[in-house]
Amino acid sequence: MTQKMSPNKKRAPLVTWRYMAGTARRGWPLFVLFLIMFLLVYTLWTAINLQNLTEIYNVRRLVSTLNVLFSNLSALSAIISGIYFMQFIQSKTSAGFFHSLPERRSGHFISVIFSSFAVYLAASLSSYILSFLLLALSGALYAEILPTLLLIPVLGIFYFIVFLSVTVLAGVISGNRVIHAIMTAFLLFAAPVVFITAMLLLWDGVRFLNVSEMIYSLDTLKWLSPFFRAIYVLDGDTGFPAWILILFDAVLAAVGFFLAYYAYENRPIERSGNPIVFPVLPEIIKYIIIGPTAVLSSKFFELFEDGWGVFGFIVGLVLSFMLCNTVLYRSARAMFSHIRGMLIYSGALIVAVLILSFGCFGIFDYMVPVADSIEVNFSSNSYGGGGAIVSDPAEIAAVRRAVSQMNGQLRNRGAYGGDADVYADSIERAERTESLHINYKTPFGFELSYSYSDLPYEYIAPLAETILEVYGDGSGYSDYLKNSTRLYLNINMMLPASSIFDSIPEGTEAASSVPDDEEMPGASWEWLAGITPGDNTADTYRGALTKAYASGDIYCWRGQTLENDPISEVILPSGREYFQHFSMGSLSAEGKNTGYDGNIYSNLVDMADLPLFPSSLSKIGDAFDRTLVLSKNFQCSSIPFYVGDAFDGVFSLSEDEYFDALAETIESIEVYNKKTGGRTIYTDDQVRSMLPSLAAVRATDISPFTATDDDYNVMVVAKSLDDRYDWGSQYVFDDDGTYTGDTGDGEGEFKYLYSITWFLEGQVPDFVR
Amino acid sequence: MISIENIKKTFDGVTALDGVTAAVSDGSIFGLIGSNGSGKSTLLRIMSGIYREDSGSVLYDGEPIFENYAMKQRVIYLSDEQYFLPHATLDEMRAFYRSAYDNFDDAMYKKLTDVFGLDRTRKINTFSKGMQKQSSLLLGLSVRPKYLLCDETFDGIDPVMRQLVRRMIADDVAENGMTAVISTHNLRELEDLTDHICLLHRGKILIDRELDDMKLSIHKVQVVFDRDPAEAISALDVISHETHGKLHVLVCRGSEEEISAALSSASPIYSEIIPLTLEEIFISEMEGIGYDAKNVTE
């Protein structure tokens with residue numbers, strides 16, 4: 001029979017103020033500790049930096065640092081004070097004494113919270129106010145930073161509450177102070193560790209899972225621990241709305257306090273002094289610890305040599321089992337207790353590993369996560385990159401099916417079990433390989449990344465087709481997927497044509513040829529550096545570009561690897577992480593080469609010849625007075641192919657003849673509405689009729705590679721020129737991209753793509769609207 | 001009045017209390033005795049509202065004690081293991097008690113510290129074990145409790161101070177109507193103090209009687225017969241029986257008159273009926289259930 005609640009109990013207060021205040025007063029040593037801690041870290045840091053606060057930029061940086069310091073100190077204070085004020089229940093004697101006092105458990109609980117908070121608040125705010133005054137006296141209280149400065153204690157108090165909830169919950173289930181500290185760490189980090197372990201286990205079976213990206217990424221870890229959430233929020237530049245994480249933490253803190261209170265109300269005081277007071281918990285905690293320990297130990301030993309992972313697994317499992325038993329049951333005699341449970345548990349782990357490794361039960365199919373959106377990115381050493389974000393439910397389902405099919409193919413062909421070598425043979429045969437990165441955003445906000453490296457095209461064909469269906473043909477993306485060009489050089493040029501050519505006297509004929517190879521070695525950067533803006537002759541620029549390429553001093557990337565030294569700072573005023581970018585005078589160009597093996601010189605000729613039409617000679621009037629970015633995909637073999645080729649004798653053409661000639665080289669003009677996502681494709685006669693309108697658009701500014709209209713992008717897609725040239729012997733691929741053999745000379749069917757993309761800034765042509 | 005009704009308590013599968021039922025009258029001194037591990041401390045901790053019983057109830061004047069703020073104001077539990085705030089002096093403990101108890105009596109506190117001769121400004125952890133017990137007791141008595149629960153409170157205190165403590169408790173009971181429940185293994189002292197005895201063994205009550213009744217109902221008999229005494233002895237409620245030649249030493253339940261009547265039928269050559277001390281009663285009862293030194297050592 002349990003006792004009925006008496007009327008007195010119902011009337012009794014949750015806590016008596018006198019007792020609560022007395023508890024807080026007993027925390028004075030903690031107040032001293034916190035005050036010293038905050039003064040030495042927070043206030044002292046402010047004082048040290050006072051001399052650098054003449055510029056608001058420095059003040060902003062200081063405030064940002066102070067915010068981080070305050071929040072970190074607050075979290076630390078929460079853990080220390082929680083452990084300090086809960087020590088009364090961490091021994092049998094003190095627990096007995098305190099619970100014999102006329103105070104309800106709610107009173108003890110609230111007193112702990114109140115006292116912790118009061119002591120922290122007194123110490124931290126003293127330090128904060130002192131720092132605030134220091135900033136004020138040094139004249140650093142700019143109006144812009146004041147809101148942030150005032151938010152510092154708010155955020156600090158918030159994180160104090162969050163971490164206090166964790167510490168209090170840990171304290172209620174613990175039976176001594178050491179275990180209390182350990183359990184606090186356990187509650188903070190158990191979920192991330194279990195997650196990392198699960199990912200490593202999955203990785204054993206699914207090598208495509210991009211484990212490292214997830215286990216080192218705060219994007220995922222932020223959901224698993226307030227510690228990582230705090231880092232994420234304090235980082236301040238994450239792109240993820242901080243208030244969601246703060247709200248998440250607030251809810252969890254409330255839940256933590258509620259759970260702690262509920263557990264305390266039901267805490268068996270007679271078990272105080274035991275490591276864990278709730279008898280059911282030690283086993284749960286033990287298995288949460290030993291599983292990850294075994295897996296991590298296995299991975300650690302695998303670093304030394306293949307096969308040692310099994311040894312590591314056993315060592316980690318047994319040692320952690322023994323240690324957990326000894327600590328959690330406070331007896332070395334308990335070292336091997338519950339060994340049957342350990343055997344069952346380890347058996348289950350092994351079975352899980354085997355299932356993953358051998359792909360039993362169609363596990364690969366299930367390895368395609370449910371997602372709210374899927375980002376698919378292809379990159380190949382022959383095609384460059386391309387990607388798509390799929391968010392429509394039907395399209396997501398189609399993509400998931402395609403990935404599942406791909407995973408199934410990989411499994412059936414032995415490409416599972418983490419054995420990346422299985423690809424090797426097929427890679428040798430395949431002329432086209434792809435790397436695939438798929439990022440799943442799950443409904444709970446987790447991001448799961450899958451990476452497939454150097455996969456023969458045939459594997460990704462279903463997925464590629466699916467993406468094609470989603471995005472439609474003719475999008476440019478289809479070109480990437482469909483065509484078989486092995487190498488390309490992608491060159492974007494931004495030509496502020498007026499500034500380049502205005503200095504060219506009217507009537508001057510631009511060079512119709514470029515220097516021969518023999519002339520190239522003479523190029524020197526000193527010479528290039530001597531070019532001054534305004535010294536804008538077509539020949540000069542063309543020659544400069546030519547020599548720059550020919551001398552090999554150019555950014556040239558193969559994948560993520562820089563192959564060549566960058567063009568000197570003269571040419572590249574600022575390093576760019578991607579795209580070769582060089583600038584001479586007012587001419588800017590960027591190039592990207594993901595695997596060239598051809599004669600880049602000829603491509604330079606193409607590039608150089610393409611845009612350089614002096615405005616005075618232009619057949620399209622003010623056409624050069626616009627910002628025109630030309631994007632061109634080049635075949636990097638020595639093929640005399642360039643747009644200019646279509647314009648032999650262009651300078652003698654009339655404007656109409658020029659447009660006619662230009663129209664012949666254009667497959668389509670595509671207008672992409674950025675707001676609606678709509679795309680309109682114009683072809684044939686429509687193209688010709690649009691060219692004058694396009695040419696009439698003026699630009700107002702030069703902003704490399706961002707010169708687009710707010711609403712529209714206009715792409716001019718060139719015709720493929722495969723019918724004009726003899727490509728020689730070429731590889732032949734089937735529809736799935738599988739290499740099937742070589743053609744005879746002149747029989748290749750490559751569709752060499754190039755496109756001219758005009759990003760129109762400011763105005764857009766009439767026809768667009 | 002304290003009503004203990006069918007209390008059961010189990011720790012990790014070990015039954016500490018198994019259906020304990022007892023009643024403590026107001027203004028009495030209730031002696032709680034028992035073998036080691038019999039459940040005395042557990043019972044006291046349940047009676048003080050520290051532990052929650054698995055089943056049964058402890059009611060003070062009809063009200064439960066567990067989580068009962070008002071009732072706990074009237075109950076002081078003095079544990080066998082004293083607890084004081086870390087590095088606290090007596091005065092600091094007094095402040096702490098004042099923050100917890102409404103009725104803390106400063107005058108009583110001062111008086112008792114003077115009586116015990118304890119330094120109020122000295123850290124308690126520098127006190128001897130006996131002085132710490134005195135400290136715990138004086139703080140508890142300063143609360144002016146209606147119910148005082150003592151768990152081996154006298155152990156470690158010197159005889160003079162024990163005498164003083166006993167007198168103080170007896171005075172408080174007599175003058176203020178305090179009710180005391182005292183658990184101790186020092187049965188000699190308890191005998192002088194208590195009104196009522198409750199003997200616990202393995203979580204169950206063996207004896208729950210007024211001390212005087214108990215003393216009148218159990219006797220030691222030394223008797224010599226000139227013929228077979230079997231019939232006479234079988235008429236007695238014998239707890240233990242030893243023979244030394246023709247001398248029979250018996251511990252029997254029953255009044256002196258009942259025992260005399262039973263013995264007279266066998267015409268003993270010599271007989272003497274001696275009242276037992278509490279300690280002898282305890283030992284006899286424990287022997288009666290097989291808990292004697294011989295059995296324990298075997």
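Residue numbering restarts at 1 for every chain, and letters A, B, ... go by the order of the sequence lines. What you see is a predicted model; the values in this text were computed from it and never measured.
The aromatic rings of A:Tyr262 and A:Phe258 sit parallel to each other, their planes meeting at less than 30°, with 60° as the upper class boundary. Using a 30° and 60° split on the angle between ring planes, A:His108 and A:Phe98 fall in the perpendicular class, above 60°. In this structure, A:Tyr345 and A:Tyr287 have tilted ring planes: the angle between them lies in the 30° to 60° band.
Residue B:Arg74 does not touch chain A at all, counting heavy-atom pairs closer than 4.5 Å. Interface residue A:Asn266: backbone and side-chain heavy atoms are both found under 4.5 Å from chain B.
Note: B:Leu85 leads B:Asp80, B:Val75, B:Thr42, B:Leu85 in heavy-atom pairs under 4.5 Å with chain A. Ranked by heavy-atom pairs shorter than 4.5 Å toward chain B, the options A:Gly22, A:Ser106, A:Gly96 are led by A:Gly96.
Summarising the geometry of B:Asp208 relative to B:Ala23, their closest heavy-atom pair is OD2-N, 4.5 Å, with the distance given to 0.1 Å.
For residues 72-94 of chain A, heavy-atom neighbours of chain B at less than 4.5 Å comprise A:Lys92, A:Thr93, A:Ser94, sorted by residue number. Taking 4.5 Å as the heavy-atom cut-off, the residues of residues 11-19 of chain B that approach chain A are B:Phe11, B:Asp12, ordered by number. The contact list for residues 125-150 of chain B toward chain A, using heavy atoms and a distance under 4.5 Å, is empty.
Side chains of B:Gln73 and B:Asn103: a donor-acceptor N/O pair is absent below 3.5 angstrom, by distance only. A side-chain donor from one of B:Thr113 and B:Arg120 sits under 3.5 Å from a side-chain acceptor of the other. A side-chain donor-acceptor contact under 3.5 Å links B:His185 and B:Asn36. Checking B:Asp91 against B:Tyr109 by side-chain atom types alone, a donor-acceptor pair falls below 3.5 Å. Under the 3.5 Å distance criterion, with hydrogens and angles disregarded, no donor-acceptor pair is assigned to the side chains of B:Ser28 and B:His196. Side-chain atoms of B:Thr184 and B:Asn186 include no donor-acceptor pair closer than 3.5 Å.
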I'd like to know whether B:Tyr97 forms a side-chain contact (heavy atoms from CB on, under 4.5 Å) with B:Glu92, so could you lay out the CA-CA distance, the side-chain angles of the two residues, the decisive distance to 0.1 Å, and finally the verdict. CA-CA 9 Å; B:Tyr97 271 68; B:Glu92 286 166 350; over 6 Å; no
Report the C-alpha separation of B:Leu43 and B:Ile4 in whole Å, then their side-chain angles, then the decisive distance to 0.1 Å, and conclude whether the side-chain contact (heavy atoms from CB on, under 4.5 Å) test is met. CA-CA 9 Å; B:Leu43 181 59; B:Ile4 302 164; 4.1 Å; yes
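Looking at A:Glu270 and B:Lys9, a side-chain N of the basic residue comes within less than 4.0 Å of a carboxylate O on the acidic one, giving a salt bridge.
A distance-only check finds a donor-acceptor pair linking the side chain of B:Lys40 to the backbone of B:Gly34 [under 3.5 Å].
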Would you mind writing out the side-chain donor-acceptor pairs for residues 23-34 of chain A within the sub-3.5 Å range, not counting sequence neighbours?
| residue | atom | partner | partner atom | Å |
| --- | --- | --- | --- | --- |
| A:Thr23 | OG1 | A:Tyr19 | O | 2.8 |

